[in-house]
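Working notes for the structure below.
Treat the numbers as computed from the prediction; the structure is a model and nothing was measured. So that the names make sense, note that chain A is the first sequence line, chain B the second, and so on, each numbered from 1.
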Amino acid sequence: MMNITFPDGAVRQYETGVTALDIAKSISEGLARKVLAAKVNGEVVDATRPITTDATLQLLTWTDTDGKSTMWHSSAHLMAEALEALYPGVKLGIGPAIENGFYYDIDLGGRTITEEDLRKIEAKMVELSKQNSVYTRAEISKADALKYFTEKGDEYKLELINDLQDGTITFYTQGGFTDLCRGPHIPNTGFIKAIKLTNIAGAYWRGNEKNKMLTRIYGITFPNQKELDEYLALVEEAKKRDHRKLGKELELFTFSEKVGLGLPMWLPKGALLRERLQRFLQEAQIETGYLPVVTPHIGNKNLYVTSGHYEKYGKDSFQPIHTPEEGEEFMLKPMNCPHHCELYKASPKSYKDLPVRFAEFGTVYRYEQHGELHGLTRVRGFTQDDAHLFCRPDQVKEEFMKVIDLVLFVFESLGFKNYTAQVSLRDKEDRSKYIGSEENWELAEQAIIESAAEKGLPTVVEYGEAAFYGPKLDFMVKDALGRKWQLGTIQVDYNLPERFELEYIGADNARHRPVMIHRAPFGSLERFIAVLIEHCGGKFPLWLTPTQVKILPISDKTQEYAEKVAAALKKADIRAEIDDRSEKIGKKIREAELAKIPYMLVLGEKEATDNLVAVRRQAKGDLGAMTLEQFTALVNDEVVNRKPFE
RNA sequence: GCUGUUGUAGCUCAGGGGUAGAGCACUUCCUUGGUAAGGAAGAGGUCGAGAGUUCAAUUCUCUUCAACAGCUCCA
């Protein structure tokens, strides 16, 4: 007998060699029908693997992330089985589970696959899943493994096996399909009830562009049709909220081939929104002790030689600008830090001056790869809400706390309620690649961990993810559709103060090196606005939205009254527009609704006579008539409190 | 940068070897209408660009540019 400890702490005794599935059955049949895999002593394994020692056990179902990925991994195998049936001789690369579903990289040997073929493969998968084939695990020697795939003629699997240690190799078989796989897998194919193959793409074997390009088929599966339908609806909704589409529809920004790719241009409505956002952060920053600075868009090449960026990124950047003077070279600034370092050096600093916080909405230019450009989220020219804090090592924590406060204030004001923080620290083993003293790193890493904890941030710590110049903390937000985006970032930097020989005079009258902290709550205005657009589906909070009110006179007869109302709103600092076309009120309302204008004022003779406005709220409908004062108060309340659109 | 798909009016898209079409938007006129599309007329495109095949190309072929999806990359 052995002791099995459950997540709630309960301990029960079972026969040695019992499986997680057996244990589930002993609890209830219903539970057993839902168990996809099990976590035994923290390791995810097949629910059908015998347990031979005392262990902690967590039964994994569809509601667990590990349960989902086990199912998706098994689905990849199911797809491979279907592919072998439909395309004899197909060679298989790798087929893992991913965040939303799974993929398999395959070599079709000259054949191609179309969208219609995906439907065929899906049908085959459904057929195979209904056979309830059991996924069986087999430990196999390296020699036998090689023999199997040599006979099968699959060079990709052979390459994978060659990299594996003998004695650690396992095969999984379901139905007529056997694959090299570490597992784990779900008990049988019958768990896979709803299948959707989503798209086809090319992918290099092992992610290396020198290798052959394989066909990658993406798919997702669910334990029932309802969840698949919900997922597909979510994908549809995401398409509707695509910031590139909404940006065009709401006339926020545009691109021009003539201007150049990856260089967004802001249309009046977008520029207004952007400026409001900028002012909002600027005000918050000034309150927190930041000092606004302005630096030029270009810098002498030597600036970047000093910073080290020229050596590291020079070849892959916009190339230097040459002047009529021989030998002079300037570069478009790819970041603001070097300029700010030089600002720091403009005057000698005492320890009493620190921290110094230079803030600038700095537009920078980076030569991103062509294929990488994407809407506003990946561009070649963008504006960072940048600031650099120069402080003493003992001030790092306090500064971090303040920056976290600022970032959270920004998120809260814009309706991002769901966020996590990723703390990126040094590699635990290899510390050779990091610049800066052990002592300072330790201080900064602790400061980050502590300040995140003290602020109650949900945090993930990643070792080895720190930049060579310092540890960092990145904020990931989840938007209204549950998609994750990386926005704000706070990074400690030991490199640039060194390279620029930044100093301050300490209380001991000796020279010391300040610590530099880079931080950007938005990340960049472009990226942040893109995420904001998708988060709110184009329905911006009233305080940000370009047009707050659309005034809709019912006929020409009330045109004059409409203008009077417009003037009054303008005076009250409310952004309103009149729709004075000779269209029917129904049409004017429809268009204002589609343009996602928060408030509409329907003005007819009744309102003009009584000196009232009939208020309509976007997506909500008629709110009834009120006085202009009441309406202004309503709007101001929403603006001042930065309420979300709803 | 690599692979694939796409490129027709301001937008969304149809068409197809014999020099183009719809809806919306736009202009003008009629209509003055009370909470999600009133009516009529008109204007607007050398079918992404370049080359080739052909009597003839927007349609076929090649090249190129751009967008999209994925891969690689991201100070």
Side-chain angles (χ1 to χ4, degrees), chain A residues 98 103 105 112-115 198-218 239 242 244-245 248-249 251 254-258 260-262 304 307-314 316-317 333-338 364-375 377-380 382 384 386 467-470 472 486 489 491 493 495-496 518 520 523-524 527 550 552-559 581-595 597 600-607 614-625:
Chain A
I98 51 176
Y103 67 80
D105 284 346
T112 53
I113 267 190
T114 64
E115 288 287 327
T198 46
N199 59 330
I200 316 164
Y204 301 106
W205 168 236
R206 305 197 124 183
N208 185 332
E209 61 183 316
K210 303 241 172 4
N211 289 338
K212 183 165 181 181
M213 166 110 21
L214 303 178
T215 304
R216 177 171 293 182
I217 303 180
Y218 286 88
K239 270 189 208 154
D242 190 315
R244 293 166 299 181
K245 181 174 178 297
K248 192 182 269 182
E249 284 173 10
E251 298 169 9
T254 189
F255 289 89
S256 148
E257 280 186 35
K258 272 216 179 78
L261 46 160
Y304 302 104
S307 72
H309 292 108
Y310 184 78
E311 195 193 356
K312 201 160 180 332
Y313 297 102
D316 304 318
S317 299
K333 77 174 168 189
M335 83 281 291
N336 306 297
C337 342
V364 299
Y365 300 90
R366 298 181 184 176
Y367 187 78
E368 302 290 356
Q369 282 188 42
H370 184 169
E372 196 46 51
L373 301 169
H374 178 96
T377 57
R378 201 67 193 279
V379 288
R380 286 181 171 172
F382 57 97
Q384 294 179 311
D386 213 356
F468 75 93
Y469 52 78
K472 62 177 178 175
Q486 197 223 302
T489 178
Q491 307 189 5
D493 188 341
N495 181 42
L496 289 181
H518 311 251
S524 79
R527 191 178 163 77
K550 199 88 176 181
L552 311 176
I554 286 180
S555 76
D556 295 350
K557 291 176 195 152
T558 44
Q559 178 66 20
R581 296 171 304 165
S582 83
E583 293 291 350
K584 288 199 171 170
I585 192 67
K587 179 158 187 168
K588 292 183 181 181
I589 287 173
R590 179 181 157 79
E591 288 181 10
E593 287 277 344
L594 291 176
I597 310 288
M600 286 151 262
L601 297 182
V602 177
L603 303 183
E605 295 186 67
K606 236 181 341 188
E607 287 74 23
V615 181
R616 183 188 165 99
R617 175 80 181 176
Q618 203 270 356
K620 288 251 169 67
D622 198 351
L623 301 186

Of all the heavy-atom pairs spanning [X] and [Y], show the shortest one and how long it is.
X        : Y        : value
A/Ile597 : A/Gln618 : O-CB, 3.1 Å
A/Cys337 : A/Leu496 : CB-CD1, 3.5 Å
A/Lys588 : A/Pro553 : NZ-O, 2.9 Å

Within the structure shown, what part of the strands sits under 4.0 Å from [X] by heavy-atom distance: base, sugar-phosphate, or nothing?
X        : result
A/Lys587 : sugar-phosphate
A/Ile589 : base
A/Ala614 : base
A/Gln384 : nothing
A/Gly604 : base
A/Thr215 : nothing
A/Glu583 : base

Sidechain-backbone polar pair: [X] side chain, [Y] backbone, donor-acceptor under 3.5 Å:
X        : Y        : value
A/Arg244 : A/His374 : no
A/Arg380 : A/Glu368 : yes
A/Glu593 : A/Ala619 : yes
A/Arg366 : A/Pro334 : yes

How many whole angstroms separate atom [atom1] of [X] from atom [atom2] of [N]?
X        : N     : atom1 : atom2 : value
A/Tyr469 : B/C74 : OH    : C1'   : 11 Å
A/Arg366 : B/G1  : CZ    : C1'   : 19 Å
A/Lys584 : B/A37 : NZ    : C1'   : 11 Å
A/Leu552 : B/A37 : CG    : C1'   : 14 Å
A/Ile554 : B/G34 : CD1   : C1'   : 4 Å
A/Asp316 : B/C73 : CG    : C1'   : 9 Å
A/Lys606 : B/U32 : NZ    : C1'   : 16 Å
A/Asn199 : B/U6  : CG    : P     : 15 Å

Any [X] side-chain nitrogen or oxygen under 4.0 Å from OP1 or OP2 of [N]:
X        : N     : result
A/Lys557 : B/U31 : no
A/Lys588 : B/G34 : no
A/Tyr313 : B/A75 : yes
A/Tyr218 : B/C71 : yes

Output the single nucleotide from B/G33, B/A36, B/G1 whose closest atom is nearest the side chain of A/Leu594. B/A36
Given B/G1, B/A36, B/G34, the nucleotide with the shortest approach to the side chain of A/Val602: B/G34
I'd like to know whether A/Phe255 forms a side chain to side chain contact (heavy atoms under 4.5 Å, CB included) with A/Lys248, so could you lay out the CA-CA distance, the side-chain angles of the two residues, the decisive distance to 0.1 Å, and finally the verdict. CA-CA 10 Å; A/Phe255 289 89; A/Lys248 192 182 269 182; over 6 Å; no
In terms of ring plane angle, is the pair A/Tyr469 and A/His518 parallel, tilted or perpendicular, where the classes change at 30° and 60°? tilted
If we take the [atom1] atom in both [N] and [M], what is their distance in whole Å?
N     : M     : atom1 : result
B/G15 : B/G7  : P     : 10 Å
B/U63 : B/U46 : P     : 27 Å
B/C74 : B/U5  : C1'   : 25 Å
B/G1  : B/U19 : P     : 39 Å
B/A49 : B/A20 : P     : 15 Å
B/U35 : B/A43 : P     : 36 Å
B/G38 : B/G18 : C1'   : 42 Å
B/U58 : B/G17 : P     : 14 Å

Distance check, rounded to the nearest 0.5 Å: A/Glu607 atom CD versus A/Thr558 atom OG1? 8.5 Å
Can you tell me how far the CG atom of A/Asp105 sits from the OG1 atom of A/Thr215, to the nearest 0.5 Å? 8.5 Å
Strictly under 3.5 Å: I want the nitrogen or oxygen pairs between protein and nucleotides 65-68 of chain B, one per line.
from: B/A66; atom 1: O2'; to: A/Glu257; atom 2: OE2; distance (Å): 3.3
from: B/A67; atom 1: OP2; to: A/His370; atom 2: NE2; distance (Å): 3.0
from: B/C68; atom 1: OP1; to: A/Arg244; atom 2: NH1; distance (Å): 3.3

Give RNA chain B the dot-bracket treatment, 5' to 3': Watson-Crick (N1-N3 with N6-O4 or O6-N4) or G-U (N1-O2, O6-N3) under 3.5 Å, [ ] crossing, | other strand. (((((((..((((....[..)))).(((((.......))))).....(((((..]....))))))))))))....
Does any donor-acceptor pair link the side chain of [X] with the base of [N] at a separation under 3.5 Å?
X        : N     : result
A/Glu368 : B/G1  : no
A/Arg216 : B/C71 : no
A/Ser582 : B/U32 : no

Stepwise, does the salt bridge (charged side-chain N to carboxylate O under 4.0 Å, His left out) test hold for A/Arg581 with A/Glu591? CA-CA 12 Å; A/Arg581 296 171 304 165; A/Glu591 288 181 10; 2.8 Å; yes
Relative to the 5' end of RNA chain B, which residue comes earlier, A/Arg581 or A/Pro553, by the nucleotide with the nearest heavy atom? A/Arg581
